[in-house]
Amino acid sequence: GEKVEQHESTLSVREGDSAVINCTYTDTASSYFPWYKQEAGKSLHFVIDIRSNVDRKQSQRLTVLLDKKAKRFSLHITATQPEDSAIYFCAASKPGTGSNRLTFGKGTKFSLIP
Amino acid sequence: DMKVTQMPRYLIKRMGENVLLECGQDMSHETMYWYRQDPGLGLQLIYISYDVDSNSEGDIPKGYRVSRKKREHFSLILDSAKTNQTSVYFCASSLSEGTTGQLYFGEGSKLTVL
């Protein structure tokens, strides 16, 4: 089955800097790649997604890039702010699996360097 | 108000006892999910429910069963809980727009099995 690997288990940057979280997947049939954010002690909520018919999607300070050849996608956060500190999970799914059967990465704990 | 509600939020049980975790959503979503989250492992899918009485095993269904008798309710049952089922359990729901779409997560139920 699909495997999603999140390369950075932790990531720290200075406030205002940019950050990148990278994920790779194994199944070439995967076509939907969402990102979820989990703040400390809280639940997960959706932040942004990308489908395989595009290679870039931006929403305010967040940009997702998709490289289908390399089976890699990444979340870029610009002008980082304290409220960005959280665990970020990438995920992948493919059509035909029935509903939204996501495979999640293990998460990247993102924080700002004081 | 788009909400997924889980009960109880915290639960302590002894090994061998039965556990019932309940989940409700007010969005009339067809599809509901149960995940567990363990440190360093990310989220693992236990069961998916496509609608009332239409349930499918996820990646780690062993030791669990589910029940969905109403669209808005999805229960996770552990018959004879084991210590390795200590975890945080998340319920989620989504519309079934094809095979992709945002998941809405509940706040989580922290289960400790002694």
Side-chain angles (χ1 to χ4, degrees), chain A residues 1-10 21 23-25 27 29-54 57 59 64 66 73 86-109, chain B residues 2-7 9-10 21 23 25 27 29-51 54-61 66 68 71 74 88-110:
Chain A
E2 172 70 282
K3 287 181 173 45
V4 176
E5 185 172 347
Q6 223 162 318
H7 294 259
E8 299 85 6
S9 57
T10 60
I21 302 172
C23 289
T24 53
Y25 60 98
D27 194 333
S30 288
S31 61
Y32 176 65
F33 307 93
W35 289 83
Y36 285 82
K37 177 182 180 182
Q38 184 179 33
E39 293 168 28
K42 297 192 176 179
S43 187
L44 289 85
H45 67 265
F46 171 87
V47 288
I48 192 170
D49 61 9
I50 191 166
R51 287 173 169 78
S52 59
N53 58 340
V54 297
K57 182 175 180 179
S59 175
V64 181
L66 174 63
F73 59 112
I87 300 174
Y88 290 83
F89 293 92
C90 61
S93 72
K94 60 183 180 182
T97 55
S99 194
N100 202 354
R101 196 174 180 121
L102 291 169
T103 300
F104 283 87
K106 294 183 179 180
T108 297
K109 187 172 184 181
Chain B
M2 300 164 83
K3 200 169 171 66
V4 177
T5 304
Q6 291 184 232
M7 292 290 288
R9 296 288 315 282
Y10 302 91
L21 302 181
C23 177
Q25 47 99 359
M27 298 168 278
H29 284 169
E30 294 175 359
T31 311
M32 296 186 74
Y33 314 76
W34 277 106
Y35 287 90
R36 64 177 280 177
Q37 183 181 34
D38 301 291
L41 292 181
L43 279 92
Q44 297 174 275
L45 179 63
I46 305 171
Y47 268 94
I48 295 179
S49 174
Y50 300 109
D51 211 329
S54 180
N55 306 318
S56 181
E57 294 182 347
D59 299 320
I60 53 162
V66 291
R68 191 156 178 214
R71 179 172 279 192
F74 190 33
V88 179
Y89 292 87
F90 286 99
C91 175
S93 71
S94 70
L95 279 170
S96 289
E97 300 168 341
T99 59
T100 62
Q102 178 181 342
L103 266 63
Y104 294 83
F105 283 87
E107 293 294 312
S109 295
K110 185 172 182 179

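Each chain gets a letter, A, B and so on, in the order the sequences are listed, and its residues count up from 1. Every value quoted in this text rests on a predicted model; they were computed, and no experiment measured them.
- In terms of non-hydrogen atom pairs under 4.5 Å with chain B, the most contact-rich of A/S43, A/G107, A/A91 is A/S43.
- Neither the backbone nor the side chain of B/Q6 comes within less than 4.5 Å of any heavy atom in chain A.
- Residues A/Y36 and B/L103 share a closest heavy-atom pair of OH-N, 2.8 Å.
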Inset, instruction - Output, in order, the C-alpha distance, side-chain angles, deciding distance and verdict of side-chain contact (heavy atoms from CB on, under 4.5 Å) for B/L45 and A/T103. - result: CA-CA 8 Å; B/L45 179 63; A/T103 300; over 6 Å; no
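- Taking the six-membered ring for Trp and the full ring otherwise, the centers of A/F46 and B/F105 sit at least 6.0 Å from each other.
- In terms of heavy atoms, B/G58 sits closest to A/R101 at CA-NH2, 3.4 Å.
- Residues B/F90 and A/Q38 approach most closely at CZ-NE2, 3.5 Å, considering heavy atoms.
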Legend entry - side-chain contact (heavy atoms from CB on, under 4.5 Å) assessment of A/F104 paired with B/Q37: CA-CA 11 Å; A/F104 283 87; B/Q37 183 181 34; over 6 Å; no
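- For a residue to count as touching a neighbouring chain, one of its non-hydrogen atoms must lie under 4.5 Å from one of that chain's; by this rule B/Y35 touches chain A with the side chain only.
- Neither the backbone nor the side chain of A/I87 comes within contact range of chain B; no heavy atom of the residue lies under 4.5 Å from a heavy atom of that chain.
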